[in-house]
Amino acid sequence: MDKNTIVLWDQDGVETTFEKIFSIEIEGENYIMLSPVQKKIYSDDDEEEEILVFKIKDSDHGELLVHLKEEECAALIDKCKSLFEKFINSNDI
């Protein structure tokens, strides 16, 4: 297992291996985007990659990943767009 691979267990104890796609800190909150590593017998180039977004929280047992719901992901995307627009506007030449 390399440093871009993460193993998570759900509440039923089912283990899934994920590949780290991206992580970011926005307004003091940390987020990580993961894609399940699936062993495929065939390759389908048209198949869309599944990306799951998690908020990283501290807990008594270390870091806890909380899966974001669709509306929470939409709000996060809006925050990213806003920050990107501010960055672009502040660097206009």
Side-chain angles (χ1 to χ4, degrees):
M1 192 174 331
D2 62 47
K3 65 182 180 177
N4 287 324
T5 304
I6 298 172
V7 177
L8 299 178
W9 292 265
D10 66 13
Q11 55 270 55
D12 298 324
V14 176
E15 179 181 299
T16 305
T17 302
F18 292 89
E19 178 182 4
K20 178 182 172 186
I21 303 299
F22 185 73
S23 61
I24 189 168
E25 180 182 334
I26 299 175
E27 298 176 352
E29 301 285 350
N30 293 301
Y31 300 90
I32 188 167
M33 286 132 220
L34 304 174
S35 179
V37 175
Q38 300 168 344
K39 296 179 175 35
K40 296 180 184 178
I41 298 173
Y42 62 92
S43 175
D44 184 358
D45 293 334
D46 294 335
E47 189 173 319
E48 196 171 305
E49 183 177 15
E50 180 182 15
I51 304 282
L52 303 174
V53 181
F54 296 88
K55 183 182 223 179
I56 303 172
K57 292 187 167 192
D58 290 326
S59 77
D60 294 340
H61 306 289
E63 291 182 336
L64 176 68
L65 299 182
V66 179
H67 184 245
L68 296 186
K69 296 176 183 164
E70 191 173 331
E71 53 277 352
E72 293 170 312
C73 286
L76 180 60
I77 289 169
D78 289 341
K79 282 184 189 179
C80 289
K81 285 179 184 178
S82 175
L83 290 171
F84 187 71
E85 287 171 3
K86 285 179 187 177
F87 175 76
I88 294 296
N89 292 335
S90 69
N91 291 309
D92 279 342
I93 298 177

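Put simply, the side chain of L65 does not reach to within 4.5 Å of the side chain of E63, judged on heavy atoms.
For the pair T17 (side chain) and V7 (backbone), a donor-acceptor distance under 3.5 Å is absent.
Screening L52, N4, I32 for a side-chain contact (heavy atoms from CB on, under 4.5 Å) with F18, the sole residue that qualifies is L52.
Partners of K57 according to the salt bridge (Lys or Arg N to Asp or Glu O under 4.0 Å) rule, which considers only residues two or more places apart in sequence or in another chain, do not exist here. Among residues two or more places apart in sequence or in another chain, the side chain to side chain donor-acceptor pair (under 3.5 Å) test is passed with T16 by none.
Identified under the salt bridge (Lys or Arg N to Asp or Glu O under 4.0 Å) test for residues 4-18, with sequence neighbours left out: none. Listed by first and then second residue, the ring pair (Phe, Tyr, Trp, His ring centres under 6.0 Å) pairs involving residues 58-85 are F54-H67 (not counting sequence neighbours). Listed by first then second residue, pairs satisfying salt bridge (Lys or Arg N to Asp or Glu O under 4.0 Å) with a partner in residues 20-34 read E27-K79, E29-K55, not counting sequence neighbours.
Other members of the hydrophobic cluster containing L76, listed by chain and number, are I21, F22, I24, I26, Y31, M33, I51, V53, L68, L83; membership follows side-chain contacts under 4.5 Å among ILVMFWY residues, whether direct or relayed.
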